[in-house]
Amino acid sequence: MADKSIKTDMNDVKEIRAINRVSFKQRMISYKRKPLSLLMLIIVAASAAISAAALIFIMVYVLIRGIPNLTPDLFALNYNSDNVSCMPSIINTVVLTLFTLIIAVPFGVGAAIYLAEYAKKGNRLVKIIRTMAETLAGIPSIVYGLFGMLFFVYALNWGYSLLAGAFTLAIMVLPTIMRTTEEALITVPDSYREGSYGLGAGKLRTIIRIILPSAMPGILAGVILAVGRIVGETAALIYTYGSATGYAANPLSSGRSLAVHMYVLTNEGLHTNQAWGTAVVLLVLVFGINTLSAFIAKKLGNKKG
Amino acid sequence: MEKFAIDNMNLYYGKFHALKNVNLHMEQNKITAFIGPSGCGKSTLLKSLNRMNDLVEGCKITGEIKLDGEDIYGNMDVNILRKRVGMVFQKANPFPMSVYDNIAFGPRTHGIKNKKELDRIVEESLRDAAIWDELKDRLKKSALGLSGGQQQRLCIARALAIKPEVLLMDEATSALDPISTGKIEELCLKLKDNYTIIMVTHNMQQALRISDNTAFFLLGEMVEYNSTDAIFSAPQDKRTEEYITGRFG
Ligand SMILES: Nc1ncnc2c1ncn2[C@@H]1O[C@H](COP(=O)(O)OP(=O)(O)OP(=O)(O)O)[C@@H](O)[C@H]1O
Ligand SMILES: [Mg+2]
């Protein structure tokens, strides 16, 4: 009943001539009085337009160069040096992303929960951890690649492998996930915590049922950022995951991710067209993973208490 | 019968001495009102009764607070204490979930899983908080979309849903219109038979209308505590008289 009345109201809205609409003429008059605010509007509108234009230009350029090269050959089940199929790399990238997130997300989110919910506010250790995380987030990925190569590939003797690549990338994205999660937890209002404790809920229940669901969009934003870095990473992978052209069939076998595949193609200079096609695939992949994450976020956020 | 007994209680926020040697014994099945100017420590005292002050870093309490003769800062499980002593906060704080899940959160916390049982508790609590008719068609909608007054009554319903023995209300009606305020006051008078209610209010009329006993606070001290009739008709302390006749505060 109530819903129906709301709907009819919405239908009526079109026929109303609202007096609170600001007409073009009124706006011009107000700008004449305050030319500075017009200038401000022009500056911010121009910035928005230029930023959007740059992004759209790159997208359109990649699509124009890439789409004609999306031949069936490019998606052949198996790679050979004629078809330079990116199919194995697509699967490798998805598997690598999953492995990396499975390692990094529990640790990152767990550490953030400790920092935000358990550690005392002024704790020295917490401050040190936070500073370290910030520093680590800014280190070039090649440094992680070097470390991964020396430690996972050689010291642990895993060789160029999915495991070495995933662990290296997990360490690389850990600070990002930790920081964004902590940020998300801190912005959950204390009144939610008070409400939950006030009803006799313990700390664990409060965190799982109230705080994490409220923080979920922020946490997922961090994970999406991490996914972007994983999918787009090359330097840290070449020396850990390697660049074998087949499917990485088990955790200790080498493979190449899509970005590495593109890098190799471009580097060799023989398959530039296919490199463009691969770029389109990469775009679509990132878009797909992000959409999926947003969908999962929504599902998780709607869970009941 | 005596429900809460506060003896020689002092509370410090860091170095700030917020409550000074408070002695206060509150009766069961009665409504006790805390009055006093802003910042005098009413909310602070209320929050000590269900240990919500534990969450404030640097908050130190000395003295003794007993519920039914049992020291609440002793061996009592704090979550059980909070189930026995429910609270409605000064600012409405519904959880970002549906109306139904808001009310069911408390009972679920304390182990009630049966859907029928939960349905019954949700309806009963919302009816008690005088908001069932407004919300019965929007139980699945987010509680954050409610008006401020509706949110506060939802929080009252949420507190009632865990069937506490004592209900602490911190200016629970300050955001409500006169009609809903009237309903909540009626509710308090009705609940009195089964619950003990301790409320903070800035509204003298409200204290006068519904409370049995009133405590007047000033600058962290409890100045006077007596039956509400006595406080308002024949205050013993000059400061109490000045406050209730509106000469300061
Ligand atoms: N978490 C805190 N940390 C430090 N000081 C606090 C804290 N909470 C309250 N105080 C201080 O303790 C004193 C009492 O605060 P309280 O909130 O109990 O007052 P109140 O009587 O409820 O006032 P109001 O009527 O405005 O709600 C105030 O001086 C306040 O600044
Ligand atoms: Mg207060």
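Below, all heavy atoms of this structure are taken into account, side chains as well, without hydrogens, waters or symmetry copies. Labels below follow one simple rule: chain letters A, B, ... track the order of the sequence lines, proteins then strands, and each chain is numbered from 1.
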J.: Give a yes or no on this: more than 12 heavy atoms of other residues, nucleotides or ligands lie within 6.0 Å of atom NZ of A/Lys25.
T.: no
J.: Could you tell me which residues in residues 149-159 of chain B have at least one non-hydrogen atom under 4.5 Å from a non-hydrogen atom of chain A, sorted by residue number?
T.: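 At a heavy-atom separation under 4.5 Å, chain A is reached by B/Arg158, B/Ala159.
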J.: Around A/Leu36, counting heavy atoms of other residues, nucleotides and ligands shown, do more than 12 lie under 6.0 Å from its CG?
T.: no
J.: Provide the closest heavy-atom pair for A/Arg209 versus B/Met97 in the form atom of the first, atom of the second, distance.
T.: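 Heavy-atom minimum between the residues: O-CE, 4.1 Å.
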J.: Counting only heavy atoms from other residues, nucleotides and ligands, does the tally under 6.0 Å from NZ of B/Lys91 exceed 12?
T.: no
J.: Quick check on B/Ile179: does its CD1 atom have over 12 non-hydrogen neighbours (other residues, nucleotides or ligands) under 6.0 Å away?
T.: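 No, not enclosed.
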J.: Should we say atom CZ of A/Phe107 is surrounded by more than 12 heavy atoms from elsewhere, each under 6.0 Å from it?
T.: no
J.: Which pairs, with at least one residue in residues 217-230 of chain A and sequence neighbours excluded, count as a salt bridge (Lys or Arg N to Asp or Glu O under 4.0 Å)?
T.: none
J.: Is chain A contacted by the side chain of B/Pro164, its backbone, both, or neither, given a heavy-atom distance below 4.5 Å?
T.: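 For B/Pro164, neither part sits under 4.5 Å from chain A.
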J.: Counting only non-hydrogen atoms closer than 4.5 Å, can you tell me which residues of residues 62-81 of chain B sit against chain A?
T.: B/Asn79
J.: What residues of residues 183-199 of chain A sit under 4.5 Å from chain B when only non-hydrogen atoms are counted?
T.: A/Ser191, A/Tyr192, A/Glu194, A/Gly195, A/Ser196, A/Tyr197, A/Gly198, A/Leu199
J.: Do other residues, nucleotides or ligands put more than 12 heavy atoms under 6.0 Å from A/Met28 CE?
T.: yes
